[in-house]
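Here the structure comes first, spelled out in structure tokens, and everything after it is commentary.
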There are 2 protein chains.
Amino acid sequence: MAVDPECPVCRTADIVCAKWTLLVVRELDEGRSRFCELERSLTGISPRTLSLRLRELEQEGIVERQQLPELPPRVEYALTDKGRALLPMIEDMRCFGERWLDCNEPAASSDSVLTAPTA
Amino acid sequence: MAVDPECPVCRTADIVCAKWTLLVVRELDEGRSRFCELERSLTGISPRTLSLRLRELEQEGIVERQQLPELPPRVEYALTDKGRALLPMIEDMRCFGERWLDCNEPAASSDSVLTAPTA
DNA sequence: CCCAACCACTTTACCAAGTGAAGTGACGCC
DNA sequence: GGCGTCACTTCACTTGGTAAAGTGGTTGGG
């Protein structure tokens with residue numbers, strides 16, 4: 001990105017706003033730990049993207065990758081403390097979504113301003 | 001995105017994780033209101049992207065666009081209540097960045113960042 | 001009066017990131 | 001020993017963002 005590398009918001013945005021990143025973090029937080037589990041719960045993600053995301057997050061110190069000495073050698077991913085520090089953001093996003101987005105409604109055609117709650 | 005439209009986190013991520021979105025919201029919150037002001041403070045954004053982002057945010061009801069009847073007709077953008085509801089996320093991001101990212105340090109990565117390359 | 005700049009964009013051409021489908025190699029199951 | 005799983009990688013394609021230039025109206029300067 002072409003933004004100020006000294007700005008914590010910019011830096012954080014740069015990391016977490018890559019597609020799927022926060023969703024991966026959430027899945028990890030909810031107990032999913034293996035590649036194919038993540039792949040299955042993140043319906044629509046391509047294995048390439050998941051792989052990339054996981055590697056980036058590992059590089060950032062947000063997830064830890066652990067290759068278990070089993071057969072077949074399975075791999076487990078887990079959030080680090082740094083990774084868990086992202087959870088409040090996800091919580092905020094859930095709040096925002098629940099408060100302002102009609103997530104269980106068919107998303108009224110174009111101007112759904114009429115559903116704007118106590119503004 | 002190919003994610004669950006009923007999931008508030010997915011929906012919010014979809015809106016908020018477009019490049020520049022949160023940075024635009026922050027600038028708006030910090031008093032910038034005109035197109036060229038935003039353009040100037042968001043160094044590196046292309047006018048096309050800013051325009052797109054602003055229009056998307058307007059459609060989402062996150063910003064309000066107001067065309068003033070002046071000469072030359074200037075345009076002002078402002079956050080709505082819904083838009084302000086995104087601010088906690090930005091605050092979290094700042095916290096995360098300050099706590100976990102070395103935003104004021106040279107970020108000692110692999111090879112020389114400080115010396116200008118032969119280009 | 002004419003040229004230039006400003007504002008709020010749009011248009012065009014290009015490139016990087018993400019997608020879907022398929023492939024890989026090591027293994028386990030029957 | 002052929003089939004399936006796991007954790008990816010490779011490939012061709014589409015989408016989204018970028019840089020650079022253009023647009024149309026309005027002010028300001030020489």
Side-chain angles (χ1 to χ4, degrees), chain A residues 1-5 10-11 13-28 31-60 63-78, chain B residues 1-5 10-11 13-28 31-60 63-79 119:
Chain A
M1 225 192 245
V3 288
D4 188 357
C10 297
R11 292 278 310 277
D14 212 13
I15 295 170
V16 302
C17 284
K19 208 165 167 181
W20 298 103
T21 297
L22 283 175
L23 268 9
V24 169
V25 169
R26 185 182 55 163
E27 292 304 323
L28 253 13
R32 246 74 59 184
S33 57
R34 303 180 57 185
F35 192 90
C36 64
E37 286 178 316
L38 294 167
E39 206 177 355
R40 272 192 288 263
S41 34
L42 298 165
T43 45
I45 199 174
S46 65
R48 171 181 148 82
T49 303
L50 180 53
S51 178
L52 257 66
R53 230 46 355 133
L54 252 10
R55 210 162 312 158
E56 289 164 15
L57 291 174
E58 200 193 344
Q59 279 207 329
E60 288 288 345
V63 318
E64 255 177 350
R65 184 193 139 109
Q66 195 185 357
Q67 179 144 359
L68 303 180
E70 295 182 7
L71 289 178
R74 58 150 105 186
V75 181
E76 298 219 326
Y77 298 91
Chain B
M1 222 191 244
V3 289
D4 188 356
C10 298
R11 292 278 309 278
D14 213 14
I15 295 170
V16 139
C17 284
K19 208 165 167 181
W20 298 104
T21 298
L22 284 175
L23 269 9
V24 169
V25 169
R26 186 181 54 163
E27 293 304 322
L28 253 11
R32 247 74 58 184
S33 57
R34 302 180 59 187
F35 192 90
C36 64
E37 287 178 314
L38 294 167
E39 206 177 354
R40 272 191 288 263
S41 35
L42 298 166
T43 45
I45 199 174
S46 63
R48 171 181 147 83
T49 303
L50 180 54
S51 177
L52 255 66
R53 232 42 2 129
L54 252 8
R55 208 162 314 158
E56 288 163 14
L57 289 173
E58 199 193 344
Q59 279 208 328
E60 288 289 345
V63 318
E64 256 176 350
R65 185 193 139 108
Q66 195 183 0
Q67 179 143 2
L68 303 180
E70 296 183 3
L71 289 178
R74 57 149 105 186
V75 180
E76 299 218 326
Y77 299 90
L79 290 181

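Atoms CH2 (B/Trp20) and P (D/dT18) sit 6 Å apart, rounded to a whole Å. Here the C1' atom of nucleotide D/dT18 and the CD atom of B/Glu39 are 13 Å apart, to the nearest Å. Rounding to whole angstrom units, CG of residue B/Leu42 and P of D/dG17 are separated by 14 Å. When rounded to the nearest whole Å, the span between CZ of B/Arg55 and P of D/dG17 equals 14 Å. A/Tyr77 has its OH atom 8 Å from the C1' atom of D/dC8, to the nearest Å. Atom-to-atom, CD of B/Glu76 to C1' of C/dC9 comes out at 16 Å; the value is rounded to the nearest Å. Atom pair A/Gln67:CD and C/dA26:P shows a separation of 14 Å (rounding to whole Å applied). Distance CD (B/Glu56) to P (D/dG17): 7 Å, rounded to an integer number of Å.
Backbone-only contact: A/Arg34 has heavy atoms under 4.0 Å from sugar-phosphate atoms and none from a base.
Separating the CZ atom in A/Arg34 from the CD atom in A/Glu76 is a distance of 6.5 Å, to the nearest 0.5 Å. Rounding to the nearest 0.5 Å gives a distance of 8.0 Å between CG of B/Leu38 and OH of B/Tyr77. Rounding to the nearest 0.5 Å gives a distance of 6.0 Å between CG of B/Leu23 and CG of B/Leu42. Annotation: the span from A/Glu37 atom CD to A/Arg32 atom CZ amounts to 7.0 Å, rounded to 0.5 Å. Rounding to the nearest 0.5 Å places NZ of A/Lys19 at 14.0 Å from NZ of B/Lys19.
Among residues two or more places apart in sequence or in another chain, the side-chain hydrogen bond (donor to acceptor under 3.5 Å, both in side chains) test is passed with A/Glu56 by A/Arg53. With sequence neighbours left out, the side-chain hydrogen bond (donor to acceptor under 3.5 Å, both in side chains) criterion links A/Glu39 to no other residue.
With C/dA8, D/dA19, C/dG18 as the candidates, the nucleotide lying closest to the side chain of A/Ala18 is C/dG18. Side-chain proximity of B/Cys36 to the nucleotides D/dA20, C/dC7, D/dC6 is greatest for C/dC7.
No hydrogens or angles were tested; on distance alone, a donor-acceptor pair under 3.5 Å links the side chain of A/Arg48 to the base of C/dT19.
For B/Arg65 and C/dC9, the shortest distance from a side-chain N or O to OP1 or OP2 is below 4.0 Å. In this model, the phosphate group of D/dT18 is approached by a side-chain N or O of B/Thr49 to a distance below 4.0 Å at OP1 or OP2. Proximity of B/Ser51 to the phosphate of C/dT10: a side-chain N or O atom is located under 4.0 Å from OP1 or OP2. Taking only side-chain nitrogens and oxygens, A/Lys19 never comes nearer than 4.0 Å to OP1 or OP2 of D/dG16. OP1 or OP2 of D/dG17 sits under 4.0 Å from a side-chain N or O of B/Arg53.
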field: Protein proximity profile, nucleotides 22-29 of chain D - base contact B, sugar-phosphate-only contact S, no contact -, cut-off 4.0 Å on heavy atoms
entry: ----SS--
